[in-house]
There are 2 protein chains.
Amino acid sequence: MTSPTPPEGGAAERSRRPLRRDDGRLVRGRRSRARIRAAAGELFREVGFDAATLRAIGARAGMGASSIYRHVRSKEELLVFDLRDRQEEAWQRFRREDDKRAPTRERVRKFLEAQHALLAEDPDLTTIALRATTHPGARVARQVLALHDRTIGLLFEVLQQGKMRRDLDREVDAMAAARAIFHVTTSARIPWANGLVDAEGCRISIESAVDVLFRGLLAQPRPTHNGV
Amino acid sequence: MTSPTPPEGGAAERSRRPLRRDDGRLVRGRRSRARIRAAAGELFREVGFDAATLRAIGARAGMGASSIYRHVRSKEELLVFDLRDRQEEAWQRFRREDDKRAPTRERVRKFLEAQHALLAEDPDLTTIALRATTHPGARVARQVLALHDRTIGLLFEVLQQGKMRRDLDREVDAMAAARAIFHVTTSARIPWANGLVDAEGCRISIESAVDVLFRGLLAQPRPTHNGV
DNA sequence: TGCACTATGCGATCCTGTTCGCATGACGAG
DNA sequence: CTCGTCATGCGAACAGGATCGCATAGTGCA
């Protein structure tokens with residue numbers, strides 16, 4: 001049922017191109033995988049990530065807890081799947097609605113809004129994704145970092161186009177700027193995930209930080225550029 | 001032996017001012033606490049945070065694993081103690097060596113260097129501190145976030161002084177800028193902690209991001225400030 | 001039909017952070 | 001001396017993520 005194009009990163013499934021023809025078992029496996037992901041998603045939303053026991057997820061998916069590991073390498077991966085899907089969706093929506101001729105600041109704002117809408121739905125997405133990056137060597141960490149890279153890449157693209165169009169200062173390091181913007185959004189979400197500020201406060205915090213950044217990015221007549 | 005001024009946040013110790021005079025037991029308790037922290041520190045450095053079992057820490061400290069919880073509220077707290085101590089030290093060193101008349105960019109650079117030297121010693125410090133913030137509601141999370149706030153406050157102070165002295169543009173939002181700088185440093189350390197870049201690469205990444213930021217902070221003759 | 005192969009599932013088990021109830025022993029009050 | 005109080009310590013137990021060895025059952029091949 002899922003779109004056939006992406007390899008759909010199941011654990012065993014991705015390991016090797018199927019040497020034998022599509023097995024009846026493989027069909028069952030795909031169905032199980034879908035049930036697991038559905039059950040996990042429901043439970044995560046109902047009781048939160050930490051309170052959702054693997055045994056409970058398994059029960060809802062109609063199987064034992066240990067069987068889940070036939071399809072998933074860790075509990076966190078279950079949420080990262082979700083995150084990846086939503087992220088993909090947010091990117092595509094941005095690309096659809098993006099007006100390449102709009103001012104760069106405006107394009108970035110739109111992108112961050114999409115990003116914010118994505119993550120503000122569920123603090124767990126932020127929390128667990130971040131937590132995943134604190135387990136170096138784990139597969140999940142790499143998956144999340146890959147998402148980071150793609151986000152930075154997208155921002156870089158926007159900034160680079162801004163430079164081409166003389167919308168941004170030509171002296172500016174677009175990659176550093178893209179990273180800075182991304183880092184700000186990531187880290188600014190931490191207080192929100194901890195309930196210290198609400199979603200709107202978080203958004204504003206990000207916006208004002210990006211404002212500060214853009215003060216230095218926008219092309220303007222300036223005498224020199226790197227004065228101490 | 002530790003300086004008497006800070007309340008030395010042991011779990012039970014801090015809970016209430018001792019109603020009865022200093023007990024022999026309290027002395028024993030303090031000694032145990034010291035042994036635990038020492039043992040934990042050693043083991044963390046030897047095998048890393050995750051591989052250091054509480055049972056192993058307890059054994060090295062000469063007590064059972066469960067007894068540790070008389071002095072500490074969670075394993076993570078053991079490392080946050082460390083972090084807090086080192087952080088305090090780094091702040092003090094910065095304050096000692098800081099020349100308030102130096103250019104603001106330079107002062108910030110010095111501060112970030114101290115900060116980097118502090119954290120580059122041990123990836124676990126970054127990793128676990130970050131992980132702690134992904135457990136909302138946990139005591140450790142609040143402790144780490146308090147450290148964040150103090151760091152941001154210090155940066156704010158430096159930037160504010162820069163504004164006063166006309167070193168920085170008066171229109172700039174110093175708090176937003178301080179937050180932005182801090183967020184960049186925090187988040188930029190994630191790829192390093194995951195082994196994707198080395199310590200030097202991480203430092204450079206931070207520096208260039210801050211460079212971009214300062215392009216907009218430095219006071220310069222500019223026509224308007226909030227052009228689209 | 002029999003055999004090798006392998007994806008899926010299961011229950012038992014492991015590991016480790018954390019909690020619980022109880023024991024010990026130092027202290028002050030009566 | 002005795003009793004209540006309380007900080008400390010202990011071992012058992014719990015919880016939940018992860019691993020292991022075994023069973024089941026499709027599939028292709030001879």
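A note on names: the letters A, B, ... follow the listed sequences, proteins ahead of strands, and every chain is numbered from 1.
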About how many Å separate CZ of B:R107 and CG of B:L112, when rounded to the nearest 0.5 Å?
12.5 Å

Supply the atom-to-atom distance A:E77 CD to A:Q143 CD, rounded to the nearest 0.5 angstrom.
4.5 Å

Criterion side chain to side chain contact (heavy atoms under 4.5 Å, CB included) on A:W91 and A:T151, from CA distance to verdict:
CA-CA 8 Å; A:W91 283 331; A:T151 307; 3.3 Å; yes

Return each pair, listed once, that meets side-chain hydrogen bond (donor to acceptor under 3.5 Å, both in side chains) where at least one residue sits in residues 174-191 of chain A; pairs must be two or more places apart or across chains.
A:H116-A:R189

Send over the distance from [X] [atom1] to [N] [atom2], rounded to a whole Å.
{"X": "B:R28", "N": "D:dG9", "atom1": "CZ", "atom2": "C1'", "value": "7 Å"}
{"X": "A:F44", "N": "D:dG17", "atom1": "CZ", "atom2": "C1'", "value": "12 Å"}
{"X": "A:E77", "N": "D:dA18", "atom1": "CD", "atom2": "C1'", "value": "14 Å"}
{"X": "A:I68", "N": "C:dC10", "atom1": "CD1", "atom2": "C1'", "value": "12 Å"}
{"X": "B:R31", "N": "D:dT8", "atom1": "CZ", "atom2": "C1'", "value": "14 Å"}
{"X": "A:L43", "N": "D:dG17", "atom1": "CG", "atom2": "P", "value": "11 Å"}
{"X": "B:I36", "N": "D:dA7", "atom1": "CD1", "atom2": "C1'", "value": "13 Å"}
{"X": "A:M63", "N": "C:dA7", "atom1": "CE", "atom2": "P", "value": "15 Å"}

By ring-ring contact (aromatic ring centres under 6.0 Å, His included), which residues pair with B:H148, not counting sequence neighbours?
B:F182

Could you walk me through whether A:I128 and B:T134 pass the side chain to side chain contact (heavy atoms under 4.5 Å, CB included) test, one step at a time?
CA-CA 7 Å; A:I128 309 304; B:T134 64; over 6 Å; no

Under 4.0 Å protein heavy-atom contacts per nucleotide of nucleotides 12-20 of chain C, with B for base, S for backbone only and - for none
-B--BBBB-

For the side chain of A:D173 and the backbone of A:M175, is there at least one donor-acceptor N/O pair under 3.5 Å apart?
yes

For a quick test of reading the model: is some side-chain N or O of [X] closer than 4.0 Å to OP1 or OP2 of [N]?
{"X": "B:R33", "N": "D:dT8", "answer": "yes"}
{"X": "B:H71", "N": "D:dA7", "answer": "no"}
{"X": "A:S67", "N": "C:dT8", "answer": "no"}

